[in-house]
Amino acid sequence: MDPASSLPSGPRALLSLLPSSPDSPQDFAQQSPRMVGFANATAGAFISSRPFWGPVTATLDWCEANYQFSRYIAEVANTFSNLFTIVLAAYGACRSISEGLPSRYLAGWTGFALVGIGSFIFHATLLFEAQLMDELPMVYVASYCCAMLFDTSRGFAWKGSNAPQLAAVFVVFNISFTWSYYLSRDPVYHQVVFAGIMFFSLFRTIYLLRNDEIRKRLPPEPRSTITHLFRSGAITFAAGFLVWNLDNIFCSTFTGWKTSVGWPVAFILEGHSWWHILTAMGTYLLLVANSYYSNYLTDLTLCIKDDHSNYSVTKFAGIPRVVRAQKTKTQ
């Protein structure tokens, strides 16, 4: 007897809908195309939901949801907000070349661009190796700019200057930091070192601006411009740091707001993305101030060969830039 014949009509009717045991996969496909379609769709959904870059290996993970919109991009807003950094760095590099400024400034803009590129890759993948591509250049560029503030010898020739000593300190410091950070993998260690370099550069800048000998050589108008650029850059950078901390501390609150307003409006609530934008603008202003300031140290750096009146700061679309009156390239 068929066991199904003793069942109520309802269950028997359901069993009648099931396919009989197939003799081959081809029979299965012919008898139950809906089941095959469902299996394929389920498998496809499972594969498409798996992160393309594999599991997260970074020691940091931010408030933005991971792989929310694409299996190829871990954090969409945090990734593409770095385009602002890259564009600013490219603009600064182009201006440095077109104005014939010394190659040291082009190196600074190049490092700035590498920070943006590394951060883009890091937030797209959330891999530890990519995290190093983001964090290590931050320390490299910050320490490089800090070293430039101590290069106060005449001219750009290495002979008779303190440039070799500064270069040696720069290389040893960054090799030591890279090695120790790779071993420790402690993000707090990186943050403390980076912040320490930034504060050290700030104090050095204040000292130079208040130096009596330099104040005599620097007219009031350019000194005011330089002070304004440094102040604006520092405040913008600090605002980014504040937003970064608020995003970490109140992540659950921001996440609730994002869910309430929905996307794409919720992208404006991604605090770490604003950290990228604000610190990029702050870094740009600081680099412009650094270039302009160095150029204005009449007998210390570039202006040993050019009169300080050959330089000024103008704005293009609201963005300040250093302009050379005479386009003569300096080595």
Closest non-hydrogen atom pair, [X] against [Y]:
X: Trp274; Y: Ile268; answer: NE1-O, 2.8 Å
X: Asn82; Y: Phe120; answer: ND2-N, 3.5 Å
X: Ser273; Y: Asn78; answer: OG-OD1, 2.8 Å
X: Gln68; Y: Ala65; answer: OE1-CB, 3.6 Å
X: Ser201; Y: Cys146; answer: OG-CB, 3.1 Å
X: Ile277; Y: Phe84; answer: O-CE2, 3.5 Å

Is there a path of hydrophobic side-chain contacts, each under 4.5 Å between heavy atoms of I, L, V, M, F, W or Y residues, that connects [X] with [Y]?
X: Phe128; Y: Phe177; answer: yes
X: Leu202; Y: Phe173; answer: no
X: Trp244; Y: Phe237; answer: yes
X: Val171; Y: Val169; answer: no
X: Leu114; Y: Ile86; answer: no

CA sep, side-chain torsions, deciding dist, call: Phe230, Thr205, side-chain contact (heavy atoms from CB on, under 4.5 Å):
CA-CA 9 Å; Phe230 270 118; Thr205 301; 3.5 Å; yes
Distance-only donor-acceptor check, side chains [X] and [Y], under 3.5 Å:
X: His123; Y: Thr79; value: no
X: Ser180; Y: Tyr189; value: yes
X: Glu135; Y: Tyr181; value: yes
X: Thr85; Y: Tyr284; value: no

How far does [atom1] of [X] sit from [atom2] of [Y], to the nearest 0.5 angstrom?
X: Leu269; Y: Thr259; atom1: CG; atom2: OG1; answer: 10.0 Å
X: Thr59; Y: Asp186; atom1: OG1; atom2: CG; answer: 8.0 Å
X: Phe112; Y: Ile117; atom1: CZ; atom2: CD1; answer: 11.5 Å
X: Met148; Y: Ser143; atom1: CE; atom2: OG; answer: 10.5 Å
X: Arg95; Y: Leu106; atom1: CZ; atom2: CG; answer: 13.5 Å
X: Ile73; Y: Glu64; atom1: CD1; atom2: CD; answer: 10.5 Å

Kindly indicate whether a cation-pi arrangement holds for Arg185 with Tyr182, taking the cut-offs as under 6.0 Å to the six-membered ring centre and within 45° of the axis.
yes
Anything under 30° is parallel, anything over 60° is perpendicular, the rest tilted; go ahead and classify Phe170 against Tyr144.
perpendicular
Is the ring pair Phe250/Phe254 parallel, tilted or perpendicular, if the boundaries are 30 and 60 degrees?
perpendicular
Ion pair Glu270/Lys258, N-O distance below 4.0 Å
yes
Kindly check if the number of other-residue, nucleotide or ligand heavy atoms within 6.0 Å of CH2 (Trp62) is above 12?
yes
Step through it carefully: locate the ring centre of Phe267, locate the ring centre of Phe69, and say whether they are under 6.0 Å apart.
yes
Is the Phe200 to Phe150 ring centre distance short of 6.0 Å?
yes
Any side-chain heavy atom of [X] sitting closer than 4.5 Å to one from [Y]?
X: Trp109; Y: Tyr91; result: no
X: Ser119; Y: His276; result: yes
X: Asp134; Y: Ile121; result: no
X: Leu132; Y: Phe122; result: no
X: Gln191; Y: Phe194; result: no
X: Leu126; Y: Thr57; result: no
X: Asn66; Y: Pro51; result: no
X: His272; Y: Asn248; result: no

